[in-house]
Every structure is written in structure tokens, then in C-alpha cells.
Number of protein chains: 2
Amino acid sequence: MVLNKKINYICEKNMISHKCKYAIRALIDIAAQHDPNKPVMSSEIAARQQIPKKFLETILRDLRNSRILHSRRGSTGGYTLLKPASEITTTEIIRIIDGPIALLPCVSLNYYASCEGCDESTCQIKGVFEQVRDKTLGILNHTSLADLRDQYLKNTPQVGD
Amino acid sequence: MVLNKKINYICEKNMISHKCKYAIRALIDIAAQHDPNKPVMSSEIAARQQIPKKFLETILRDLRNSRILHSRRGSTGGYTLLKPASEITTTEIIRIIDGPIALLPCVSLNYYASCEGCDESTCQIKGVFEQVRDKTLGILNHTSLADLRDQYLKNTPQVGD
DNA sequence: TATAAATCCTATCAACTTAGTAGGAATGGT
DNA sequence: ACCATTCCTACTAAGTTGATAGGATTTATA
């Protein structure tokens, strides 16, 4: 990346968004809850995971609208997983929050679009990006929220209650 | 990706930029030239590859500043590769134009930054994105400009001269 | 039934990035 | 001298990101 203006600039281009990282961390936090029936409040998640509270609310709403989470209002409200953590893939989360996994529109499975100005039947660069997509999906599809949670619990021992 | 405003929106988030696609196509065009000593003019590339001329100029300049291309001014001017096409990797091109390959700052080899709000030593999501990075680099490092050019020449037969 | 606490919703915002364009200066061959 | 080319700085409109503001709605409980 050619930086002609700033130096020591933190470049996060093409990376997953902060929002997406927050979403993954929030879901891990919920999945790490002992009792799967006890809803987790957004304020708890915000405090534990260091996520801006108001921003987190919009993220949790997206995840609820996409049928990953269930929510309950009121004083005993909060969020619970709508399906087992082992059935929620990293792919799914990224697709909901950030969108495409592929690096080119014309090789995207869920967000396909033709690359204008390029004849797809003779496209020179399609092949290599199809390979990248397949390898990436291979990993992300096989990494479930349960896997991420187990990693989390291994590294940060929970206090008993 | 949660779209609450627009529908049928073409989402290219996290994908490589148009600029990067233009850069790759321009380099393939130059690499496909019969005589490696005859410079290729930006106007030719722009016409053949359907790239906005002025925009292409800034891209070629970036590639020259990054020592991928050599340029010559004047009426017989143009651009030539500074090293063999087989020694220019897709990784290199993407890094110059778009920057990082990795999906998380904390697993980037060339654009490392710590993810604020996340303890890296106990990070839950680092592992999976390290795997994605390695698989992606495995493919992009082994796909040279020569490979892309050969694909191009196979699909679009050149007129003899 | 009031109240406190939680989710839910719409709107707004500053900073930044993207995909260019404008206008011309510098250079080199004829 | 002329012309074609690269080279350079600056500018712009549109979109995205990472939030925050302010309150409406819902639910358990005193």
C-alpha cells in the first residue's frame, strides 16, 4: 500500500471490521455462559469484552435479526443463542456483519456480482481468487463458535459461581 | 451483512479494491508484451484493459515507486517490468496497492498492529485468522505475474505482428 | 399500579476511504 | 521548436465506519 501522506499509519484495509470483531467476541461471551437459558445482558458483555455499549446494542440487534440470537426485554432480559454454539460457524458471523468472504465480486458465493470491465469467461485473475476463497471457507466453515469459546475458556479461567 | 437501507446493493466490502484489480490487469498487459524492452504506454493499457486513463496513471506511478515497473518519458515512453514476471507475486501487487493480506491487524505480517481492547496472549480469534492468512499467502505467493499472463494469453489469442 | 431496568429503534455525526478528475509541469524523440 | 508521453499536486463526490443521542417499548417486581 503506497502511503504518500502519512507514515506509521495503521492500515486495516480489507480486514474484518471492528464491528465484526465485536460481534465475534460478544457471541463467544454469550456462548461461554454456564447456563444456556440464563440470558446475558448487553451491559455485562460490554464491560467484560470492552465494547462500547451503544454500539454493541446495534450489533446484538443485527445478530438477533439474523436469527443467531434470541432476546428478552425487561429487567431480567438479555440475549441467548438461538442454536447450539457448535452449529454457528465463523463464516456465518462474518457474512452477517461484514458480508462477502471472497476477495473478488465475481467469485463470491453469497454476494456475487460481475466485475465490470472484465470479461468473466476469459478472466485472468479469477482462478487464483477462487482458490483463496475455497481455502478460506474451508477454515472458517470448520471453526464453530463452540471452538472459539473453548479456546476462550481455556485461556481465561472463569470464577466459580 | 445486515442491509437496513438498500436492497440489491453490490457489496464489495473486504474485497480487493478496483484500483488493485486495475493494477493486476495493467501488469498482466505489460507482461504479455512480446518484446520486454519495448515500453507499453499507459494509453494503450487503458484502452485494452478498459481502465480510466488518468486513474491508471496514478496506479502505474505507485507500481513504479514500489520498484515493480520502470518508466520512460517522451514520445517513445511507457512502462516495462523491472524484474521477470515469474518473480513478481500476486501477494506483492496486492500489498503495494491495497496493503495487508491478513484479516486481523494482530496477525498481519507486514501491517501488524495490536487489536485494541483484546489481550493478544489470550485472544480467542487469532488462531483461526492465522490459519486463513497462511493458506491465502500459500496461494498468492505461488501465483506469479507470469502465471496470470499465461492464463491471459491462453484465453485471449494475440494478433501476430 | 408505579417503577426500574432492560431491549429496541431512528436519526445523526465526524473522520476516513474510494474512485476517480483537473490542470498543468517536466522530459525526451524527431 | 514541437509533440507526445510521463509525472505531480490538488481536488471532489459519494460511500463507509464507528460510533453516540434520545427516547420508545417491554417486562419483572415492589
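Remember, it's a predicted structure, so these values are computed and weren't measured experimentally. In what follows, chains are A, B, ... by sequence order, proteins preceding strands, each numbered from 1. In what follows, every heavy atom counts, from backbone to side chain, and hydrogens, waters and symmetry copies are set aside.
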Expressed as a whole number of angstroms, how long is the span from [X]:[atom1] to [N]:[atom2]?
X	N	atom1	atom2	result
B/Lys38	D/dT5	NZ	C1'	14 Å
A/Lys53	C/dC9	NZ	C1'	14 Å
A/His70	C/dC8	NE2	C1'	14 Å
B/Arg61	D/dT5	CZ	C1'	15 Å
A/Phe55	C/dA15	CZ	P	17 Å
A/Leu56	D/dT20	CG	P	11 Å
A/Met15	D/dG18	CE	C1'	17 Å
A/Glu12	D/dA19	CD	C1'	15 Å

Heavy-atom pair with the smallest gap, counting every atom of B/Ala26 and B/Leu56: CB-CD1, 3.9 Å
Heavy-atom pair with the smallest gap, counting every atom of B/Asp98 and B/Met15: OD2-O, 4.5 Å
Strictly below 4.0 Å: does [X] bring a side-chain N or O up to OP1 or OP2 of [N]?
X	N	value
A/Tyr22	D/dA19	yes
A/Arg72	C/dA6	no
B/Lys13	D/dG15	no

Output the single nucleotide from [options] whose closest atom is nearest the side chain of [X].
X	options	value
B/Tyr79	D/dC7, D/dA28, C/dG20	D/dC7
B/Pro52	D/dT6, C/dT21, C/dG29	C/dT21
B/Ser75	C/dG28, D/dT20, C/dA19	C/dG28

Upstream residue (5' side of DNA chain D) when A/Gly74 and B/Ser71 are each assigned their closest nucleotide: B/Ser71
Residue whose nearest DNA chain C nucleotide is more 5′ - B/Ser17 or A/Leu60: A/Leu60
Closest-nucleotide ordering on DNA chain C, the 5'-leading residue of B/Ile16 and A/Gly77: A/Gly77
Separation between CG of B/Leu27 and CG of B/Leu148, rounded to the nearest 0.5 Å: 9.5 Å
Quick check: do [X] and [Y] have side-chain heavy atoms less than 4.5 Å from each other?
X	Y	result
A/His18	A/Tyr22	yes
A/Leu103	A/Thr136	no
B/Leu140	B/Thr89	no
B/Lys21	A/Pro105	yes

Sugar-phosphate only, base, or nothing, as touched by B/Ser42 at under 4.0 Å among non-hydrogen atoms: sugar-phosphate
For residues 70-86 of chain A, which side-chain donor-acceptor pairs fall under 3.5 Å, sequence neighbours excluded?
from, atom 1, to, atom 2, distance (Å)
A/Arg72, NH2, A/Thr76, O, 3.3
A/Lys83, NZ, A/Glu92, OE2, 2.9

Under-3.5 Å N/O pairs linking protein and nucleotides 21-25 of chain D:
from, atom 1, to, atom 2, distance (Å)
D/dG22, O6, A/Lys54, NZ, 2.3
D/dG23, O6, A/Lys54, NZ, 3.2
D/dT25, O2, A/Arg73, NH1, 2.7

